[in-house]
J.: 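Structure in structure tokens, see below.
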Amino acid sequence: MNNKSKPTLIVLLGPTGVGKTDLSIHIANHFRTEIISCDSRQLFKEMQIGTAVPEEKILRQVPHHFIQSNSIFGSYNVAMFEADVLDKLKSLFAIHPLVLMTGGSMLYIDVVCKGIDDLPDVDSELRATLMERMKMEGIERMRAELKLLDPVYYHEVDLQNPVRIIHALEICYLTGKPFSSQRTRTAKQRNFDIIKIGLNRDRTELYDRINSRVDEMMTTGLEKEARSLYPYRELNTLNTVGYRELFDYFDGNCSLGEAIEKIKANSRKYARKQLTWFRKDPDIHWFHPDQEAEILKLITDYKLQIKD
RNA sequence: GGUGCCAUAGCUCAGUUGGUAGAGCAACGGACUGAAAAUCCGUGUGUCCCUAGUUCGAUUCUUGGUGGCACCA
């Protein structure tokens, strides 16, 4: 660690609804820096209420990047996010020794920190074809095909998970080589330091916050927002908690009350899934959202230690 | 007040011809490098309302309570 000029990326993460937003503003102001949002759904400008995008007056306090920056009608994926963020970081680090990234999209965080294998972007027609075949021919046929094209990956993959099987087949077809031969699964080197700060709080308290946030979304107009996106419900991005449950209600499959309960339950489930992922990351320093002073101290101490 | 029905998991309920019980939802855990708020996998967490009795053995049958619901007054 002799590179004293290395900039630092602070990663503020935690489950949905834990209270990342307020703290991120404080941290960014304290270090006079900017915020990169790491949220795979707040990226899309059409989805605002249901993804809990912070209100305008909060966003205005600190420059934010990658919030409402894309459209659900375009195509986007983690690999593009990696490239876009690295690009943005390059220009931000030119003026700030420290940049804050905040969000809860687990894979997106990992990709910024560790990178992802260099593979071709998937052609949407090929994906549609394979999905159709999965539906018509069944998962056994697709498994058998994967076994032929990539026996190595066949033995590693979760054979019950159609998404994994389809993606492997896509890469085999697109590159003409087995998917497994192109997976390095090694972390890329970054030319910046990373400090990961995880926020968590008492489970029942977290659930209370999630539940009341859903009620708040409903009073702010989530139903209307979902109604306006209903025609595009087949889009991948709209397969999102808060929207798909309402689409179900629009279809007449359940009452509005049931849909709202389902949104709450699925949001809680998502929070649990996030915690499962974060739990196995040994680099995360865990705090309660109220421990702002301790968090600022951790960052400051870390910066001093590097300068020595 | 009388009669009838009900009481089993956090919730809604099933079940045991007497051998301490299981579904859905909720909850909990895990996998996951281009769909990731996606996708996939796993786990029953219980004074079977209380009491006394019959019985080798009661959550199940009987007595008496308690609570709830319905009907009749």
Side-chain angles (χ1 to χ4, degrees), chain A residues 13-17 37-44 47-53 72 75-84 103-124 126-128 130-131 134 139 143 153 156-175 179-180 182-188 203-204 206-207 210-211 213-214 217 222 226 234-247 254 257-258 261-281:
Chain A
L13 55 86
T16 186
S37 166
C38 193
D39 189 302
S40 70
R41 288 300 188 262
Q42 290 183 3
L43 276 167
F44 301 103
M47 306 159 77
Q48 197 156 9
I49 299 169
T51 59
V53 172
I72 57 171
S75 60
Y76 204 66
N77 60 48
V78 237
M80 296 177 187
F81 186 72
E82 179 194 14
D84 290 346
S105 297
M106 305 86 85
L107 180 63
Y108 283 56
I109 294 170
D110 276 6
V111 159
V112 170
C113 297
K114 299 191 296 199
I116 191 166
D117 287 334
D118 194 22
L119 293 171
D121 285 328
V122 172
D123 171 74
S124 61
L126 174 61
R127 171 158 298 177
L130 288 171
M131 277 168 65
M134 179 67 79
I139 196 166
R143 275 186 202 137
Y153 189 65
E156 291 171 2
V157 74
D158 175 2
L159 288 170
Q160 314 234 52
N161 192 333
V163 170
R164 298 273 136 72
I165 294 176
I166 286 180
H167 183 241
L169 288 173
E170 286 166 350
I171 299 302
C172 291
Y173 283 126
L174 283 172
T175 63
F179 176 49
S180 59
Q182 303 167 73
R183 291 208 321 159
T184 69
R185 312 196 69 197
T186 50
K188 287 180 193 164
R203 191 64 69 92
T204 55
L206 178 65
Y207 285 178
I210 289 172
N211 293 340
R213 196 174 66 173
V214 172
M217 286 174 182
L222 179 57
E234 295 308 322
L235 289 175
N236 199 329
T237 359
L238 288 178
N239 185 192
T240 295
V241 175
Y243 298 90
R244 58 180 197 216
E245 296 85 354
L246 285 172
F247 294 159
C254 65
E258 284 165 341
E261 282 315 303
K262 208 73 200 145
I263 294 173
K264 292 177 181 173
N266 285 334
S267 300
R268 296 193 297 264
K269 218 176 262 186
Y270 174 54
R272 258 180 265 143
K273 194 170 81 170
Q274 289 172 300
L275 287 167
T276 297
W277 182 294
F278 295 143
R279 215 172 276 141
K280 67 180 178 188
D281 186 341

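Worth saying up front: this structure is predicted, and the values here are computed from it rather than measured. Order of the sequence lines sets the chain letters (A, B, ...), proteins ahead of strands, with each chain counted from 1. Values reported hereafter were calculated over all heavy atoms of this structure, with side chains retained and with hydrogens, waters and symmetry mates removed.
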J.: Is the charged tip of A:Lys280 near the ring of A:Trp277: under 6.0 Å from the six-membered ring centre and within 45° of its axis?
T.: yes
J.: When the nearest nucleotide of RNA chain B is assigned to A:Lys269 and to A:Ala52 on a heavy-atom basis, which residue is associated with the more 5' position?
T.: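 With A:Lys269 and A:Ala52 compared, the 5'-side residue is A:Lys269.
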J.: So, is A:Arg268 near the phosphate of B:A27, with a side-chain N or O under 4.0 Å from OP1 or OP2?
T.: yes
J.: In whole Å, what separates the C1' atom of B:G15 from that of B:G68?
T.: 22 Å
J.: Taking only the side-chain nitrogens and oxygens of A:Arg41, find out if one of them lies under 4.0 Å from OP1 or OP2 of B:A38.
T.: no
J.: Quantified in whole Å, what is the C1' atom distance between nucleotide B:A9 and nucleotide B:C5?
T.: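 Looking at atom C1' only, B:A9 and B:C5 are 23 Å apart.
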J.: Expressed as a whole number of Å, how far does the C1' atom of B:C48 sit from that of B:U20?
T.: 9 Å
J.: Donor-acceptor pair under 3.5 Å: do we get one between A:Lys273's side chain and the base of B:A38?
T.: yes
J.: Using a cut-off of less than 4.0 Å, is there contact between a side-chain N or O of A:Asn236 and OP1 or OP2 of B:G34?
T.: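 For B:G34, OP1/OP2 do not have a side-chain N/O of A:Asn236 under 4.0 Å.
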J.: Using both distances under 3.5 Å as the test, list the Watson-Crick or G-U wobble partner of B:U20, or none.
T.: none
J.: Does the plane of the ring in A:Phe179 sit parallel, tilted or perpendicular to the ring in A:His167? Use 30° and 60° as the thresholds.
T.: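 If you compare the ring of A:Phe179 with that of A:His167, the planes turn out perpendicular.
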J.: Is there a Watson-Crick or G-U wobble partner for B:U39 with both distances under 3.5 Å, and if so, which one is it?
T.: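 The base-pairing partner of B:U39, which may sit in any strand shown, is B:A31.
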J.: Apply side chain to side chain contact (heavy atoms under 4.5 Å, CB included) to A:Lys264 and A:Ile210, showing your working.
T.: CA-CA 7 Å; A:Lys264 292 177 181 173; A:Ile210 289 172; 5.6 Å; no
J.: Can you tell me how far P in B:G57 sits from the matching atom in B:G44, rounded to whole Å?
T.: 32 Å
J.: I'd like the C1' distance from B:A21 over to B:A14, given in whole Å.
T.: 10 Å
J.: Quick one: look up who B:U62 pairs with, Watson-Crick or G-U, both distances under 3.5 Å, and put none if it's unpaired.
T.: B:A52
J.: Can you tell me, in whole Å, how much space there is between the C1' of B:G19 and that of B:A26?
T.: 32 Å
J.: Return whichever of A:Asp39 or A:Thr186 has its heavy-atom-nearest nucleotide of RNA chain B closer to the 5' end.
T.: A:Thr186
J.: For A:Arg203 and B:C28, is the shortest distance between a side-chain N/O and OP1 or OP2 below 4.0 Å?
T.: yes
J.: With rounding to whole Å, what would you report as the distance between B:A73 and B:U47 at their C1' atoms?
T.: 39 Å
J.: Pick the C1' atom in B:U45 and in B:A23, then give their distance to the nearest Å.
T.: 15 Å
J.: Think A:Lys262 has a side-chain N or O under 4.0 angstrom from the OP1 or OP2 of B:A26?
T.: yes
J.: For B:G1, give the paired nucleotide (Watson-Crick: N1-N3 plus N6-O4 or O6-N4; G-U: N1-O2 and O6-N3; both under 3.5 Å), or none.
T.: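 B:G1 is paired with B:C72.
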J.: Please work out whether B:G18 sits syn or anti, treating a glycosidic angle within 90° of 0 as syn.
T.: anti
J.: So for A:Arg164 and B:A38, does any side-chain atom that can act as donor or acceptor lie under 3.5 Å from a complementary atom in the base?
T.: yes
J.: In Å, rounded to the nearest 0.5 Å, how long is the span from CD of A:Glu234 to CG of A:Asn239?
T.: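 If I round to the nearest 0.5 Å, the distance is 9.5 Å.
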J.: Do you see a donor-acceptor pair shorter than 3.5 Å between the side chains of A:Glu156 and A:Ser180?
T.: no
